[in-house]
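Here is the structure we will look at.
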Amino acid sequence: MAPPPAASPGADYNPDRPNPDRPNPWVEVLVDCPQIQGLFTYAIPPHLPVAIGDILTVPFGHQQLGAIAIALPSAPPPDLSPSQIKAVIDIVNPGFFPRHYWDLLRQVAQYYCTPIMAVIRTALPPGLLGRSQRRIRLNAPAIPPDAEVFLRPAALQLLQLLRQSKTGEYSWRYLQQQMPTAQRGLPDLLQRGWVSSYLEPPSPPRPKQQKAVTLVRQPDPTEPLTERQRQLLASLGRSGGDLWLSHLLQQCHASSSIVTTLAKKGFVVIQERENLRSEAEHPLDRDQPKALSPHQAAALAYIQGLTQAQTVLLHGVTGSGKTEVYLQAIAPVLQRGQSALVLVPEIGLTPQLTDRFRQRFGSQVCVYHSALSDGERYDTWRQMLQGDPQVVIGTRSAVFAPLPHLGLVILDEEHDSSFKQSQPQPCYHARTVAQWRSQLAPCPLILGSATPALETWHQAFSDPREGHPPPSHYLSLPSRIYDRPQPQIRVIDMRQEFHCGNRSIFSRSLRNALETLRETGQQGLLFVPRRGHSTFVSCRSCGEALDCPHCDVSLSHHQPHGGARSLLRCHYCHYASVQPEQCPHCGSPYLKFFGSGTQRVTQELERHLPDLRWIRFDSDTTRTKGAHRALLTQFAQGEADILVGTQMLTKGIDLPQVTLVGVMAADGLFHLPDFRAGEQACQTLLQVAGRAGRGAEPGQVILQTYKPDHEVIAAVVRQGYGDYLAQELAQRSPLHYPPYSQLVLLRISSLEADRTAQVAEALGQFLTSRLPESVLLLGPAPAPILRVARRFRWHLLLKLCDPSLGLDWFPALELQQRCGPGVALTIDVDPLSLS
DNA sequence: AGCACGCCGACT
DNA sequence: GTCGGCGTGCTC
Ligand SMILES: [Zn+2]
Ligand SMILES: [Zn+2]
């Protein structure tokens with residue numbers, strides 16, 4: 001490496017005539033504080049090669065924040081005096097982002113009415129945008145023994161609090177939380193020098209630096225080298241001439257002094273290098289591309305013929321081999337030196353799936369999801385930036401994976417609701433963002449599902465209007481692989497069963513089918529639709545249910561392990577408490593515990609079919625980490641005959657030995673107060689039915705219902721999903737529901753009931769004055785569950801009857817400003833759920 | 001968002 | 001008078 005150029009002592013620093021070697025010494029940044037609009041100018045210290053797109057740490061007010069370098073202006077703003085300009089503290093991450101990456105983020109910000117900084121936050125791995133922390137440290141030697149005498153109460157209390165700390169210090173945040181009067185007590189202690197205050201700088205993840213050894217010269221036999229040295233060089237040569245120092249030493253059982261000597265003699269070089277290790281990969285046996293059915297082959301041929309941005313809807317019935325099409329579509333992408341992005345539902349990211357990709361593509365596969373540690377996520381992210389051809393498999397947020405040469409994007413199970421973010425803004429849908437990525441890259445986008453979302457369907461079959469939305473191409477895989485039949489679906493009218501004197505929750509047909517299961521050694525699933533899905537506790541004396549103290553919902557109880565007292569939990573805010581001795585309303589000690597739907601089913605199984613072995617598979621039994629997977633493995637290994645579960649059963653269970661699927665009461669899916677209820681019910685039933693008969697043995701589905709005439713049931717029986725969607729579309733059109741309109745849900749919440757309602761009202765009034773003609777405002781209305789996690793929630797719903805209008809008129813910023821402190825506003829564009 | 005500064009009522 | 005509360009405005 002060339003030595004740094006020597007500074008010429010005579011050269012005066014002259015801002016008017018910039019040094020050609022160094023670009024302008026100022027940088028305009030966006031600070032990590034979405035509330036603050038606009039750019040801030042900083043000086044670039046000579047030792048930092050700041051470039052546009054870099055992630056920086058800058059001083060801001062009394063703290064240090066993350067920031068993004070946006071521009072390198074030739075001069076600072078004229079209204080800013082040079083003394084006001086502070087210097088950049090550090091470069092956290094050099095920003096060699098792929099072309100169009102910022103365009104993508106801007107597009108997300110604009111469409112979802114979200115400050116660009118909030119979008120950047122979601123796109124970057126967590127922790128990269130750090131901020132400083134103010135900490136207060138005790139200065140013990142300076143404090144006299146009779147300190148108490150001098151101090152007023154607030155200061156004394158603070159001092160005593162600090163004395164509790166093992167390290168003699170606490171973060172200022174923590175102190176303020178512990179005692180509200182901390183603010184008052186601090187100046188006194190600071191003045192006396194008994195405590196000091198300091199800024200702990202942000203600590204973003206750094207790539208792990210490791211020593212690497214590279215062979216630069218082969219020794220010839222005459223060279224005076226020891227045996228150990230020769231061995232080591234030979235070993236290094238066998239490994240391709242390049243190894244991590246630690247690996248080399250381990251391999252040769254040598255000490256580092258040998259390597260140092262070899263470096264001195266000029267045989268090897270030792271360098272510090274980034275070690276971006278992804279998770280430990282056990283090598284898998286490679287598999288070969290499988291033979292395709294004619295439909296698969298046709299779909300693949302179409303996809304491989306694409307050279308431009310193009311959305312493809314791959315509508316493949318359950319068991320039709322979509323994954324094999326994905327795999328074979330990806331292979332040529334990698335061969336061209338490009339990368340592929342595969343997005344899967346949260347629950348679908350199983351070892352089963354990733355192994356399938358690894359078997360085909362080996363170490364070119366990497367997984368990116370929220371369960372990785374911050375460090376692992378950062379390493380993976382950095383690795384993606386390097387641009388080697390690879391397959392990234394991830395959940396929703398992986399749609400922002402910074403892959404420079406993107407050749408293909410796939411959304412598997414594209415109808416899945418986990419692709420939509422609803423919590424912090426931006427409330428983006430990965431499918432929508434993926435379409436933009438596909439256009440910017442440009443590259444094809446495959447949306448795969450057995451039950452495509454109505455929006456996706458509409459896009460594939462509606463008249464292509466002027467580019468908005470981009471029409472997509474429809475590909476169908478209408479039959480299962482190896483010509484396996486679709487499961488036979490039987491609808492059982494439970495009213496009929498009742499008339500015939502069967503009061504059990506199992507129809508005679510289902511009961512028979514369950515009994516045969518034991519004889520044939522096959523397995524079954526029992527699906528319990530969620531409706532009164534969770535447990536609750538109520539008082540036998542006064543009838544009141546035990547409620548969450550922070551939410552307007554009742555608490556669920558969970559089966560104690562080992563006879564301990566029952567644990568009560570809130571599903572909304574994660575409040576937990578031990579079951580009380582008495583009713584908190586009337587003091588009665590007699591409490592009744594109501595079981596969940598799945599619990600009731602397993603109880604009935606015990607009673608009527610005691611020989612059947614079952615596993616309960618619901619949010620209760622899969623709560624702990626890894627339980628989900630463990631239960632599935634148990635089931636797959638035949639440790640039970642039946643899996644009894646809720647919604648979870650519909651996702652990603654691909655077990656060949658399952659031949660029976662029973663739906664306990666489909667009706668629980670219909671009457672939800674949501675315009676998407678029908679669509680979702682149909683998707684759920686088709687998906688769960690599709691779990692049957694995936695192996696050599698044909699499957700059967702027994703669908704119990706009190707409404708056998710319901711249109712959803714009819715569609716499921718006919719396997720006529722497309723017809724159902726056409727029908728649903730016809731219904732939505734006159735009502736101005738999506739996709740014939742665009743919805744925007746404003747969620748307003750705060751800790752105070754009245755204030756929330758007032759702000760909602762005020763925002764509604766303000767919006768009314770700004771409403772374009774084709775836009776309707778509904779509300780304000782309290783959320784279906786008014787209070788969650790101590791916050792009161794109100795909604796405003798905008799209905800854009802002309803979806804091509806867009807949201808350029810929408811005054812997001814002004815609304816945000818009108819909320820005032822303590823009131824949170826979330827703007828959810830295209831909400832999936834209105835609750 | 002933090003964190004200053006500054007203005008006002010109610011307690012020593 | 002000062003203690004303690006909160007509203008307003010700034011951060012390169
Ligand atoms: Zn009671
Ligand atoms: Zn709660």
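Please read all numbers here as calculations on a predicted model, not as lab measurements. Only heavy atoms go into these numbers, but all of them, side chains included; no hydrogens, no water, no symmetry mates.
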*Summarise protein proximity over nucleotides 1-12 of chain C in one line of letters, 5' to 3': B for base, S for sugar-phosphate only, - for none, counting protein heavy atoms closer than 4.0 Å.*
---B------BB
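- Atom C1' of nucleotide dA1(B) and atom CZ of R134(A) are separated by 15 Å, given to the nearest angstrom.
- By the side-chain contact (heavy atoms from CB on, under 4.5 Å) test, Q64(A) pairs with T57(A), I89(A), S132(A), L199(A), P201(A), P202(A), sequence neighbours left out.
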Restricting both atoms to N or O, compile the protein contacts to nucleotides 8-12 of chain B shorter than 3.5 Å, with distance only.
none

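- With sequence neighbours left out, the side-chain contact (heavy atoms from CB on, under 4.5 Å) criterion links P73(A) to W26(A), E28(A).
- Below 30°, between 30° and 60°, or above 60°: for Y428(A) and F400(A) the angle between ring planes is above 60°, a perpendicular geometry.
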Would you give me the side-chain donor-acceptor pairs under 3.5 Å for residues 758-769 of chain A, sequence neighbours excluded?
residue : atom : partner : partner atom : Å
E761(A) : OE2  : Q765(A) : NE2          : 3.4
T768(A) : OG1  : G764(A) : O            : 2.6
S769(A) : OG   : F766(A) : O            : 2.5

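- Sorted by first and then second residue, the ring-ring contact (aromatic ring centres under 6.0 Å, His included) pairs involving residues 174-209 of chain A (not counting sequence neighbours) are Y170(A)-Y174(A).
- As rounded to whole Å, 14 Å separates atom C1' of dA1(B) from atom CD of Q817(A).
- To the nearest angstrom, C1' of dG2(B) lies 12 Å from CG of L199(A).
- Listed by first and then second residue, the salt bridge (charged side-chain N to carboxylate O under 4.0 Å, His left out) pairs that reach into residues 77-98 of chain A are D90(A)-R206(A), sequence neighbours excluded.
- Between the CG atom of L190(A) and the C1' atom of dC3(B) there is a distance of 14 Å, given to the nearest Å.
- The list of salt bridge (charged side-chain N to carboxylate O under 4.0 Å, His left out) pairs with a residue in residues 775-797 of chain A, not counting sequence neighbours, reads D552(A)-R787(A).
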Please list, one pair per line, the donor and acceptor atoms closer than 3.5 Å that link side chains of residues 37-46 of chain A to other protein atoms, with sequence neighbours excluded.
residue : atom : partner : partner atom : Å
Y42(A)  : OH   : P59(A)  : O            : 2.7

